[in-house]
Amino acid sequence: MTPIPTHRKRVLSGMRSTGRLHLGNYVGALQNWVGMQDEYECFFFVADWHALTTDYADTSQIKENSVEVLLDWLAAGLDPERCTMFIQSHVPQHAELHVIFSMITPLGWLERVPTYKEQRENITEKDLGTYGFLGYPVLQAADILIYKGDFVPVGEDQVPHVELTREIARRFNQFYSGRRSPVFPEPQPLLTPSPKLPGTDGRKMSKSYGNTIMLTDPEPVVRQKLKTMVTDPARVRRSDPGNPDVCPVGDLHKIFSTKETMAKVYEGCRSAGIGCIECKGWAADALVKILIPMQERRKKYEENPRLAWDILEAGSARAGQVAGATMEEVRAAMGMSLGYEAPGKE
Ligand code: SF4
């Protein structure tokens, strides 16, 4: 498939290949991606090399996990006719550009990335004292710049990564672009809404907390998980009034329920007119309403996984063409093009 010429601004984003996605992934990123497909020229990649930065020791599930991520993307409404979906490691130019950027990126820039320090301190069960983990923002810069991305959809906490990408682009351009026009544009963060989505225990929804509602959970499982979800601790008895603003179920309603349901929740919770079981049932209704159509879309690919793989292969080929053209420019700018040049030639 040849790249479709377009005048739309280009958006780049990826998700690590960690297997099936949960509602937090959907609300935090995927839902925004689905909405961007027509406004921007979108490249979305399954970041399997990034998954290696923390899970390098066991790669037995990595390929299967990449496909699971893709299935959830398709289920959520990403459309291969309207965006390019691919696997990072199938476009090896990412790695080539990463090597070059590694050469020009000062160590201090990486050590001051806030998420680096934070994750080193918080993830204690894995040895993250690796070169790859320190350098993953450099790989991210390569992921973005190899497509000359205009925008990167991110939440607030990822803005420093985009800033680092801009610094790397600037440094490369300073060193190598000379009198030519700069090879790399400086991408902008595209701040996307990512409402707080609590897991069933009230903490942020995350696989590592075991508190997730998966996009693939069947209706009875969703209803069961909701039943066990924590609520406003002030509502000990049915007759105690509560406050949806301090209740994780209330947070779910705010994201997924209609205004009418929200009004019933506020009124019923504050006056103790409804019980939590009933309120959770309404939240489950709202969730099931968005999950069932996704699960139906997913079924087609689950029954024929080859279809999904073909989408990834076609997307990787399309991405590879763009990435290949950028690498030619990079090599030329650095005086390292692959073609023969007669000795002494300027
Ligand atoms: S009624 Fe609903 S919002 Fe109020 S505490 Fe119970 S579950 Fe939470």
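Read the numbers this way: they start at 1 and go in the same order the structure lists the ligands and their atoms. Position 1 is the first residue of the sequence; numbering continues from there.
Looking at D245 and K254, a side-chain N of the basic residue comes within less than 4.0 Å of a carboxylate O on the acidic one, giving a salt bridge. In summary, D310 and R306 engage in a salt bridge, as defined by a charged side-chain N under 4.0 Å from a carboxylate O. A salt bridge between R331 and E328 is absent, with no side-chain N of the basic residue lying under 4.0 Å from a carboxylate O of the acidic one.
Contacts between D232 and ligand 1, counted as non-hydrogen atom pairs separated by less than 4.0 Å, involve both the backbone and the side chain.
Distance check for C276 against atom 6 (Fe) of ligand 1: an N/O/S atom falls below 2.8 Å. At a cut-off of 2.8 Å, C247 coordinates atom 8 (Fe) of ligand 1 through an N, O or S atom.
Among the candidates D217, T200, T212, N211, the single residue satisfying the side chain to side chain donor-acceptor pair (under 3.5 Å) test with K225 is D217.
A pairwise comparison of heavy atoms in R8 and D38 identifies NH1-O, 3.2 Å as the closest pair.
Taking the six-membered ring for Trp, F101 and F184 have ring centres closer than 6.0 Å.
Scanning all protein heavy atoms for the shortest distance to atom 2 (Fe) of ligand 1 gives C279 SG, 2.3 Å. Closest protein heavy atom to atom 1 (S) of ligand 1: R235 NH1, 3.1 Å.
The contact set between ligand 1 and V249, taken as ligand atoms under 4.0 Å from a residue heavy atom, comprises 7 (S). Within ligand 1, the atoms closer than 4.0 Å to a non-hydrogen atom of C269 are 1 (S), 3 (S), 4 (Fe), 5 (S), numbered from 1 in the order shown.
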